Amino acid sequence: MQSRKSKNAQGIDVSHWQGQIDWQKVAATGISFVFIKATQNRMDKQFLENVKGAKAAGLLVGAYHYMDDSVTTVDQAKSSAQVFYTAIQAAGGTRVFDLPPVMDYESNKSNLNKATITLVAKTFLEEIYRLTGVKPMLYTYPSFISNFSGLNSYPLWIARYSATQIPVDASGWSRWTFWQYSDGSVGGVLPNGTRKVDGINGTVDLNEFDGTLEELKQRFMSQSLGKDDDTVTENLQRDINVVSTWAADDWIEAKANGYFDGKRPGAPITREETAIIVNKMRRNFLQLITGNTVKIDQLNQRLLDIKKGDQ
């Protein structure tokens, strides 16, 4: 995989283990983004406070779920995804987060085989994608990544604690999107030559994005669509072939009524498509008020005459 670059955006990841954090001091250190632990089997006790503080300090914020060893089946993976999604909603919904949701999968104390690990991971990732409309990311270690197969379409956040040794290609991934290069005590260092982040007592994981801060914003930074808690993050990773959860029912109805062909629910609508829908609705309305199709053409002409000002 690729090496670190001097202008890469710097970030950290935190959980309740970091205790109370002075986020203004963190931002002043040169940290520009943070991934915050949201859930394991339940919500992390510092999650909501950390999200609020990091956002107030101007950091780009993402949330992650730690895959517990007790999750061994497809149903449990779906339940875990729901726990994660509920925490995201409690923090204000997907519109609050600038970075994609993350599945942290790094342990196998239940001794699952590789096929089961992949199935659990795939189920969780797909469920989070369905719930949020945002393509999630996978975090893991080089010693664990070989357990996954066929998941390399998801962005990779890799942990490799080293100042010089880059992560190797593995399980279909040839590039990392984020690299956790230090746990705060060993590994690489920040551009200032230290592993210390002001505002945090003790050590903290250090990460960087594969690109500058502006490139990070361009790739991931969310744009609110003006919805309530079910807002779907609109970013460059939005899959236009997946319908957003907040629009699912209306989409089904629109397809049933023949206004759309059922393809590309997340794609922008063109003027041509708008014209087709308006015309279909117009004819349906005329048919409704006449009770049949005989007089539609006459009524349509009358509407045109009214639009032209002919009374």
Side-chain angles (χ1 to χ4, degrees), residues 1-23 25-38 40 44 46-47 50 53-54 57 59-69 99-100 102-109 117 121 137-148 154-171 173-213 216:
M1 299 184 189
Q2 76 274 27
S3 301
R4 297 174 62 192
K5 293 177 289 191
S6 62
K7 294 184 179 181
N8 281 352
Q10 298 297 309
I12 58 175
D13 60 272
V14 301
S15 70
H16 67 275
W17 291 110
Q18 274 68 47
Q20 295 293 319
I21 297 173
D22 187 330
W23 288 103
K25 287 185 178 180
V26 170
T29 303
I31 298 300
S32 57
F33 68 87
V34 57
F35 285 101
I36 300 172
K37 184 178 183 179
Q40 189 165 341
D44 187 277
Q46 288 292 118
F47 176 57
N50 279 336
L59 299 182
L60 302 184
V61 176
Y64 76 89
H65 171 87
Y66 184 95
M67 187 64 74
D68 193 80
D69 286 292
L99 304 175
V102 179
M103 177 190 70
D104 176 348
Y105 203 164
E106 58 182 79
S107 178
N108 184 26
K109 292 180 181 178
I117 290 175
M137 182 164 55
L138 185 149
Y139 166 95
T140 195
Y141 284 83
S143 60
F144 198 83
I145 197 170
S146 63
N147 287 294
F148 304 117
Y154 293 95
L156 176 66
W157 175 13
I158 188 71
R160 179 68 173 91
Y161 304 152
S162 175
T164 57
Q165 293 181 310
I166 63 174
V168 298
D169 294 358
S171 298
W173 282 283
S174 59
R175 295 189 67 84
W176 49 267
T177 301
F178 291 90
W179 179 357
Q180 186 182 85
Y181 58 83
S182 174
D183 64 356
S185 59
V186 297
V189 296
L190 290 162
N192 62 13
T194 73
R195 301 188 186 100
K196 172 64 178 173
V197 176
D198 292 340
I200 296 179
N201 293 322
T203 61
V204 65
D205 295 333
L206 304 179
N207 303 272
E208 68 179 46
F209 169 69
D210 181 29
T212 64
L213 176 57
L216 174 59

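Please read these numbers as outputs of a predicted model, since none were measured by experiment.
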Once you round to the nearest 0.5 Å, how far does [atom1] of [X] lie from [atom2] of [Y]?
X   : Y    : atom1 : atom2 : answer
I12 : I36  : CD1   : CD1   : 8.5 Å
D44 : W17  : CG    : CH2   : 10.0 Å
M67 : T140 : CE    : OG1   : 11.0 Å

Side chains of [X] and [Y] in contact at under 4.5 Å (non-hydrogen atoms):
X    : Y    : result
L206 : V197 : yes
Y64  : M137 : no
T177 : W157 : no
Q46  : Q20  : yes
N207 : F35  : no
Y181 : Q10  : yes

- Steps toward side-chain contact (heavy atoms from CB on, under 4.5 Å) verdict (V102, F178): CA-CA 11 Å; V102 179; F178 291 90; over 6 Å; no
Output a table of donor-acceptor pairs, distance under 3.5 Å, between side-chain atoms of residues 185-193 and any protein atom two or more places apart or on a different chain; print 'none' if there are none.
unit_1 : atom_1 : unit_2 : atom_2 : d
S185   : OG     : D183   : OD1    : 2.9
S185   : OG     : D183   : OD2    : 3.4
N192   : OD1    : T194   : N      : 3.0
N192   : OD1    : T194   : OG1    : 3.0

- Trace of the side-chain hydrogen bond (donor to acceptor under 3.5 Å, both in side chains) decision for W179 with N8: CA-CA 10 Å; W179 179 357; N8 281 352; over 6 Å; no
Can you list the residues that meet the side chain to side chain donor-acceptor pair (under 3.5 Å) rule with [X], with sequence neighbours excluded?
X    : value
Y139 : Q180
Y105 : none
R160 : Q165
D69  : S107

- Message: As a quick check of understanding, evaluate side-chain contact (heavy atoms from CB on, under 4.5 Å) for I145 and L156, giving each step before the final call.
- Response: CA-CA 10 Å; I145 197 170; L156 176 66; 4.0 Å; yes
Please enumerate all residues that pass ring-ring contact (aromatic ring centres under 6.0 Å, His included) together with [X], with sequence neighbours excluded.
X    : value
W23  : none
Y154 : none
W173 : none
F47  : none

- Query: Considering all heavy atoms of both residues, which atom of G11 and which atom of I31 are nearest to each other, and what is their separation?
  - Reply: CA-CG2, 3.9 Å
- Looking at T203 and G184, what are the two nearest heavy atoms and their distance? CG2-O, 3.7 Å
- Message: Please list all pairs meeting salt bridge (charged side-chain N to carboxylate O under 4.0 Å, His left out) that have one or both residues in residues 196-206, counting only residues at least two apart or in different chains.
- Response: none
- Pairs touching residues 2-17 that satisfy salt bridge (charged side-chain N to carboxylate O under 4.0 Å, His left out), sequence neighbours left out: R4-E208, K5-D210
- Message: Just to verify, what does A9 make a side-chain contact (heavy atoms from CB on, under 4.5 Å) with, not counting sequence neighbours?
- Response: S32, F33, F209, L213, L216
